[in-house]
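Shown next, in structure tokens, is the structure this report addresses.
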Amino acid sequence: MGERILDVKNLQIDFHTYAGEVKAIRNVSFHLDKGETLAIVGESGSGKSVTTKSLMGLLANNAKIVGGSIMYHGEDILKKSEKQMQNIRGKDIAMIFQDPMTSLDPTMKIGRQIAEPLMKHKNVEKKKALAQALEILKLVGIDHAEKRINEYPHQFSGGQRQRIVIAIALVCYPEILIADEPTTALDVTIQAQILDLMKELQQKIETSIIFITHDLGVVAGMADRVAVMYAGQIIEYGSVDEIFYNPQHPYTWGLLNSMPTLSSTDLEAIPGTPPDLLDPPKGDPFAARNPYAMKIDAEEKPPFFKVSDTHFASTWLLHPDAPKITPPDEIVRRQAIFAKMQANAN
Amino acid sequence: MPENRKKVLEVKHLKQYFGVGKPGMVKAVDDISFDIYEGEVFGLVGESGSGKTTAGRSIIHLYNPTDGQIIFNGKDVSSFKSKKDKLEFTRNMQMIFQDPQASLNPRMTVEDIIAEGIDVHHLAKDKADRRQKVEDLLETVGLNRDHASRYPHEFSGGQRQRIGIARALAVEPSFIIADEPISALDVSIQAQVVNLMKELQEQKGLTYLFIAHDLSMVKYISDRIGVLHFGRLLEVGPADDVYLKPLHDYTKSLISAVPEPDPEFERTRKRVPYDASIEQDKEGQPRKLREITPGHFVRCSEEEVSFYQERAASYEKKAPEVPNV
Ligand SMILES: Nc1ncnc2c1ncn2[C@@H]1O[C@H](COP(=O)(O)OP(=O)(O)OP(=O)(O)O)[C@@H](O)[C@H]1O
Ligand SMILES: Nc1ncnc2c1ncn2[C@@H]1O[C@H](COP(=O)(O)OP(=O)(O)OP(=O)(O)O)[C@@H](O)[C@H]1O
Ligand SMILES: [Mg+2]
Ligand SMILES: [Mg+2]
């Protein structure tokens, strides 16, 4: 992997609501290297979108950054003014938002919306920018692009709108691309096309990608590394093989267990709901839903235990004194594959 | 097989065109017919822009169909003219919308959003009963009671989707059109919501039209599946048949692209490319859905039937291919 281009340390973000302070991000640290794809997966509401929005300086008005730093090319993004961020946003760091409708302007032709970042950031003149917009529109798989470039967002289907949003994000060839559920609204064929496109772009210009999704199938095919979030924290991270074949945190187990495959006949949901972030639990946030929880899980937040040089997990189960437990069958099956991979590698 | 069960919904030659009479006319839904039986989950899959949402919106009468009929519980939906008939229809048939953000009024509290239908249909005895119903619904969909007084923007994407589901359930409908109800949810909640929808189906005899592109989830929840492409149904059949013994090339290609949570598998995956030109109509050989094996239909011409029969028979010889996960 290439040089480190982004380093997030101890990020803490609260939201002020009339019910109190929502402690949405609680001490999150991760890094991103040039040319790699980091997938962030995790429970709905666990803070994936908020974390990545903070990289863009796009937090809601009621957000408060309580602590931490986001170093990008040696400078802290959190200390930059809105004006400085405007120069970075959409040019060096681009984001594909989760909700396509809110990131498109309903009153503006889509061609113009795609061309705008080029005109604004790269001083490309309008005619040229529109020509490039047409090219990228074809790339993301919109048929009859010549005609449709002059249409408005409401004239497109959900998936088509999402591809337009993707086109806007890619048009400036950003150094970091943050993709928040970019293919959730897409069917599998178009999804495959878009994922291939992102990989291609990545090879061509060494874009680093932060990929947020709950589709573990997509993660398996896209990611170099994976970070798993729960209740405002990263609870496990490692290489894609380490997370899929040698997961350590019971929440990661639950995730892999609740994923339907074409051959599955029943779904193991993780029972219960995530904790209320107005008043987060002091121990392991997953304890209340964790069938393997121990007494200490309710009392003290587990530190990161090292599994390998690249793999860390925050669960007391990894403490040397923890009792030996047997994970769910599906996980045992996966760990057997990992053991085989390790043996082959040696 | 559901044939002896009651038909809840009959879609007959439904066409929904946009911009009729203008140069850019779009045939979003182009002559589709299918039935849904009581207590059944009918899954509608197809690529982006294939007309799934449009079909759903026509069925619930948000659009006036260009042509064709929607029969709901034996009655033509377009015949509902009186306020009473319309009200009863909107109570019995509900839709969970694809875009949770756009479908929730940002100025209303979650309680008022969910209770809108309860108010319209006078389903609550008093204020306390209304609040109680809302709180129960919030818990049903895996949110907290105290979320009732918050506003949509205070929620994550997945949480908003669950508010949409609670809103649809509030009026106790008998038929729900769920347009991508779970694609914005993370897997553990997806499993919860899908299991919840299945539970409601069993307990309350609900019937669903389940629109999605997540094929593994559609297969899991659906009894029967229809595959839509360019506004036309290409294949309809029991869920297992469509998945394990797909007849149409398009269905085969769709299934080959489903991502599996297995990095090794993904590194070596082979997708089956699809050549849409096989859908081009041939002079004098009209295509329509034709039954190849019991209950399993494919859109083809009379001449093509033997080809699909052979394809169906070939599955009987060799064991069906199941991804190695
Ligand atoms: N403007 C806001 N005001 C108050 N709370 C907020 C706000 N924005 C987000 N939150 C809360 O912060 C937490 C993290 O939200 P975030 O959108 O990052 O979740 P997510 O992991 O992206 O979830 P999803 O998978 O559902 O999109 C949630 O509990 C959410 O309710
Ligand atoms: N109001 C409208 N005016 C004109 N064209 C429309 C309108 N709504 C949809 N269309 C077109 O009709 C076709 C079908 O759209 P629809 O939204 O039904 O697709 P979908 O199958 O739901 O796709 P997705 O999976 O992306 O949501 C698309 O080509 C779309 O551009
Ligand atoms: Mg999000
Ligand atoms: Mg749709």
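As the structure is a prediction and not an experimental result, all values here were calculated from the model.
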Quiz item: Distance from Leu195(A) atom CG to Thr37(A) atom OG1, nearest 0.5 Å?
Solution: 10.0 Å

Quiz item: Is a side-chain donor-acceptor pair under 3.5 Å present for Thr107(A) with Asp105(A)?
Solution: yes

Quiz item: Side chain, backbone, both or neither: which part of Glu154(B) has an atom under 4.5 Å from a heavy atom of chain A?
Solution: side chain

Quiz item: Heavy-atom distance under 4.5 Å to chain A: side chain of Asp146(B), backbone, both or neither?
Solution: side chain

Quiz item: Side chain, backbone, both or neither: which part of Phe156(A) has a non-hydrogen atom closer than 4.5 Å to chain B?
Solution: neither

Quiz item: Which region of Thr17(A), side chain (C-beta onward) or backbone (N, CA, C, O), has a non-hydrogen atom less than 4.5 Å from a non-hydrogen atom of chain B, or is it both or neither?
Solution: side chain

Quiz item: If you count heavy-atom pairs under 4.5 Å between each of Gly47(A), Gly141(A), Ala220(A) and chain B, which one has the most?
Solution: Ala220(A)

Quiz item: Just how far is it from atom CG of Leu277(A) to atom NZ of Lys23(A), taken to the nearest 0.5 Å?
Solution: 9.0 Å

Exercise. Classify the side-chain pair Glu43(A)/Tyr251(A) by whether it contains a donor and acceptor separated by less than 3.5 Å.
Key: yes

Quiz prompt | Separation of Tyr250(B) OH from Leu234(B) CG (nearest 0.5 Å) | solution = 7.5 Å

Exercise. Please flag which part of Arg150(B) lies under 4.5 Å from any non-hydrogen atom of chain A: side chain, backbone, both or neither.
Key: side chain

Quiz item: Which answer fits Val194(B), side chain, backbone, both or neither, if we ask what part of it has an atom under 4.5 Å from a heavy atom of chain A?
Solution: side chain

